[in-house]
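Please read all numbers here as calculations on a predicted model, not as lab measurements. Letters A, B, ... mirror the listed sequences (proteins, then strands); counts begin at 1.
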Protein chains: 2
Amino acid sequence: MSMDEIQVQVEPEAEDSPTKVLICVNQSSIKGYPYPSLSCVDAFEWTLKKLVKRSSKHLFKLCFLHVEVPDEDGFDDTDSLYASPDDFKDLKHREKIRGLHLLEIFIRRCHEIGVPCEGWIRKGDPKEAICREVKKIHPDILIVGSRGLGPVQRIFVGTVSEYISKHADCPVLVIKRKVEDTPEDPVDD
Amino acid sequence: MSMDEIQVQVEPEAEDSPTKVLICVNQSSIKGYPYPSLSCVDAFEWTLKKLVKRSSKHLFKLCFLHVEVPDEDGFDDTDSLYASPDDFKDLKHREKIRGLHLLEIFIRRCHEIGVPCEGWIRKGDPKEAICREVKKIHPDILIVGSRGLGPVQRIFVGTVSEYISKHADCPVLVIKRKVEDTPEDPVDD
């Protein structure tokens, strides 16, 4: 078999269409409201520095997905009084606002530097919601931050990035949190 | 905490320096000599189409790593006669030539389309050799093809991509083989 027989096919018309990058963002478990997690900030920074560069911004479109996890008991850290059905409605509303504020951080930053973008919110289990979204919007690449947990921690918390790497229907880029960013409890983010 | 407090730092001078992409390439187990595996061809095609586009070729440098696996018994499929020490030397020489021919396919293609590149060969267990190389050359991203095996097949053959995702010291992009490329035995590649 000759070396000339291997041909990499690149359709000319598709080559320079924007690469659709799906970035999953979530809230920090330690840094207050509405701070994004260390690992998703790392993933976003990496994407800007290493993929979406100054001279190739038009070649990418960043899509931000935030998955809202339904809280098991519906309570948060504030000393709220729940006395009427409206109080619970209010709780759900606040959760939604929180997600919007989180997305706003990334969308605002993209607008500042001129990168085409959009963002949206889904509800459910993050692993499954992300894989469902991939099937729906067909990103060219899915970028997820990872806490880079060791095997022992991984057993207890599971990791979204590991599941997604195996199950998402598109190329998956996992970006581990910087070592110097690791909080006291590495399960935090 | 205000939304303005989150700042993504992009050092201006580093922003447009070439992104160093390490792509692992290996031989096909089914397609003859010196054909690259289906999954590494997919990974290479993806990289050209989705990252290294016509107008941003200068923003990337592709590095091709081929890891030669020392054959356990030293025999290959040919009907060679081993009667002298030189016969074995010849065997090692042929193995090296095979690796060079494999690299040449990718290097030649990059030159044709004008993408900066280089390639080299290492010996040993692919998983470990790849992780060692990452520590040495510090790529911005490591791209590996994957056969996308199901859980049962994975148990028996292990997968290099899974190991690397966890252990390599840089962002890892796993690109699964296209479904339509899957050979009769999915363990083949």
**OP:** Please check if atom CD in Glu180(B) has more than 12 non-hydrogen atoms from other residues, nucleotides or ligands closer than 6.0 Å.
**Re:**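 Check passes, neighbour count above 12.
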Original post:
Given side chains that start at C-beta, do those of Ser165(B) and Val174(A) come closer than 4.5 Å, heavy atoms only?
Top reply: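 They are not in side-chain contact.
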Original post:
Where the side chain of Lys176(B) meets the backbone of Ala168(A), is there a donor-acceptor pair that is under 3.5 Å apart?
Top reply: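 Yes; at least one donor-acceptor contact below 3.5 Å.
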Subject >> Donor-acceptor pair, side chain of Lys53(B) and main chain of Ser17(A), under 3.5 angstrom >> reply: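 Pair found, side chain donor or acceptor close to backbone of Ser17(A).
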Original post:
Listed by residue number, which members of residues 137-144 of chain B have a heavy atom under 4.5 Å from any heavy atom of chain A?
Top reply: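 Only Asp140(B), Ile141(B) of residues 137-144 of chain B have a heavy atom under 4.5 Å from chain A.
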**OP:** Kindly indicate, with the supporting measurements, whether the criterion side chain to side chain contact (heavy atoms under 4.5 Å, CB included) is fulfilled by Lys166(B) and Glu162(A).
**Re:** CA-CA 9 Å; Lys166(B) 279 184 204 155; Glu162(A) 219 167 299; 3.6 Å; yes
Is there a path of hydrophobic side-chain contacts, each under 4.5 Å between heavy atoms of I, L, V, M, F, W or Y residues, that connects [X] with [Y]?
{"X": "Val21(B)", "Y": "Val25(B)", "value": "yes"}
{"X": "Phe44(A)", "Y": "Ile30(A)", "value": "no"}
{"X": "Phe64(A)", "Y": "Leu38(A)", "value": "no"}
{"X": "Leu48(A)", "Y": "Leu102(A)", "value": "yes"}

**OP:** May I ask you to name which of Cys170(A), Ala43(A), Ser146(A), Pro171(A) has the most heavy-atom pairs under 4.5 Å with chain B?
**Re:**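 It is Pro171(A).
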Original post:
Going by residue number, which parts of residues 125-135 of chain A are within reach of chain B, meaning a heavy-atom gap below 4.5 Å?
Top reply: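 Near chain B, by residue number: none.
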Original post:
Does the cation-pi check pass for Lys50(A) over Phe60(B), that is, NZ or CZ under 6.0 Å from the six-membered ring centre and within 45° of its axis?
Top reply: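 Geometry flag: not set, cation outside 6.0 Å or 45°.
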Subject >> Residue among Val172(B), Leu51(B), Asp169(B) with most heavy-atom pairs under 4.5 Å to chain A >> reply: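 Of Val172(B), Leu51(B), Asp169(B), Val172(B) has the most heavy-atom pairs under 4.5 Å with chain A.
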